[in-house]
Amino acid sequence: MTSGHGVWITFEGGDGSGKTTQSNLLAEWLEGAGRTVVRTREPGGSEVGQLIRDIVLHHRGDIAPRAEALLYAADRAHHVATVVRPALARGHIVLQDRYLDSSVAYQGAGRVLDAAEIRDLSLWAAEGALPDLTILLDLEPAAARARLDSADKPFDRLEAEKAEFHERVRDAFLGLAEEEEDRFLVVDASSAPEIIAERIRAGVDALLD
Ligand code: TYD
């Protein structure tokens, strides 16, 4: 493990799978138990990352798939070095929305780049850092799309991709969870938020013991 003394937990899943809601609930629970929690995300968890986030999510027009992969990797490199590692070194719990599994799923399966190359690129960027626990909120893309529609927010570049893209992303996430069973906790994100939160708390509790 590369995380020093803290605990590093990432949330993964498709757009509209409820990561933010669950990350909020878990943070409240951990803080209630007296833990220091650092909330962060990729892309955009640092100042430089905010600039990169703006490009990858809001640039009008195409971005070449490899350029997109490098932009996410650049965001990751800076974020891990300046936000995640320092927080872990201080013994904090880092709760992070999305990490390298998103790159493997979205740039690898979604954009059809080589999954192993994308993973290696991210590992290089982050000097091999991997989370202690990755919570995958698994949801059928059609259900996720219905949630996004009802949220009434304009779609970003990735959200606007067609259903088939999001199917590939979902399958890729599930494949990653199978490959790394010990790191992943897969939760059915179609359940009620409180039930999902309970499952997540059980998984995190086991990790903190
Ligand atoms: P997210 O912050 O979850 O979007 P929102 O704030 O709208 O909930 O993620 C932004 C988008 O970036 C999401 O569609 C997934 C995509 N993404 C990648 O394609 N590759 C990556 O490596 C990461 C971290 C995100």
Side-chain angles (χ1 to χ4, degrees), residues 8-27 39-46 48-60 62-81 83-84 94-126 129-131 134-139 141 143-173 176 189 193:
W8 187 15
I9 299 170
T10 56
F11 286 86
E12 296 283 6
D15 296 282
S17 59
K19 291 181 298 300
T20 310
T21 304
Q22 290 303 325
S23 158
N24 287 339
L25 290 171
L26 182 60
R39 308 281 309 280
T40 190
R41 66 173 178 181
E42 289 184 9
S46 64
V48 169
Q50 286 288 350
L51 300 171
I52 298 175
R53 182 178 172 94
D54 197 41
I55 301 173
V56 283
L57 298 190
H58 304 302
H59 173 71
R60 289 156 192 263
D62 285 344
I63 300 178
R66 280 163 197 266
E68 185 181 90
L70 287 163
L71 286 164
Y72 282 109
D75 168 69
R76 184 156 301 135
H78 191 70
H79 181 235
V80 168
V83 177
V84 178
V94 176
L95 293 191
Q96 180 173 329
D97 280 10
R98 298 192 183 280
Y99 186 52
L100 94 179
D101 303 298
S102 277
S103 278
V104 178
Y106 282 81
Q107 280 66 56
R111 301 288 188 219
V112 208
L113 296 171
D114 184 273
E117 285 179 2
I118 294 293
R119 185 182 157 87
D120 287 348
L121 175 70
S122 278
L123 284 174
W124 178 81
L130 281 174
T134 296
I135 297 161
L136 173 58
L137 294 170
D138 177 52
L139 188 63
R145 171 54 58 127
R147 285 188 190 171
L148 291 175
D149 284 343
S150 67
D152 204 24
K153 255 181 23 184
F155 288 163
D156 64 41
R157 281 180 60 255
L158 284 293
E159 287 167 350
E161 283 291 339
K162 43 194 186 318
E164 191 229 345
F165 174 96
H166 291 286
E167 292 286 353
R168 287 202 301 276
V169 167
R170 182 196 188 194
D171 290 347
F173 274 130
L176 288 169

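One-based numbering, in listed order, for ligands and for the atoms of each. Model, not experiment: these values are computed from the prediction. This chain uses plain numbering: 1 for the first residue, then up along the sequence.
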Would E42 count as a polar contact of ligand 1, with the cut-off being nitrogen or oxygen pairs under 3.5 Å?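 The answer is no, given that E42 and ligand 1 share no N or O pair closer than 3.5 Å.
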
Which heavy atom of the protein is the closest neighbour of [atom], given with residue, atom name and distance?
atom: atom 11 (C) of ligand 1; value: L57 CD2, 3.5 Å
atom: atom 22 (O) of ligand 1; value: S103 OG, 2.5 Å
atom: atom 21 (C) of ligand 1; value: Y72 CD2, 3.3 Å

Any side-chain heavy atom of D97 within less than 4.5 Å of one from E42? no

Looking at ligand 1, would [X] count as a contact under a 4.0 Å heavy-atom criterion?
X: D97; result: no
X: R53; result: yes
X: R76; result: yes

Any ion pair linking R157 and E68 (charged N to carboxylate O, less than 4.0 Å)?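 Salt bridge flag = yes for R157 with E68.
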
Tell me yes or no: between the side chains of Y106 and D15, is some donor less than 3.5 Å from an acceptor? yes

Looking only at side chains, do R98 and T10 share a donor and an acceptor under 3.5 Å apart?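 Side chains of R98 and T10: no pair found under 3.5 Å.
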
R147 CZ: over 12 foreign heavy atoms closer than 6.0 Å: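 Atom CZ in R147 is crowded, with more than 12 foreign heavy atoms closer than 6.0 Å.
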
Is there a donor-acceptor pair closer than 3.5 Å between any side-chain N or O of R168 and the backbone N or O of A109?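 Yes, the answer is positive, given that a donor and an acceptor are paired below the 3.5 Å cut-off.
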
Taking non-hydrogen atoms only, is V56 closer than 4.0 angstrom to ligand 1 via side chain, backbone, both or neither? neither

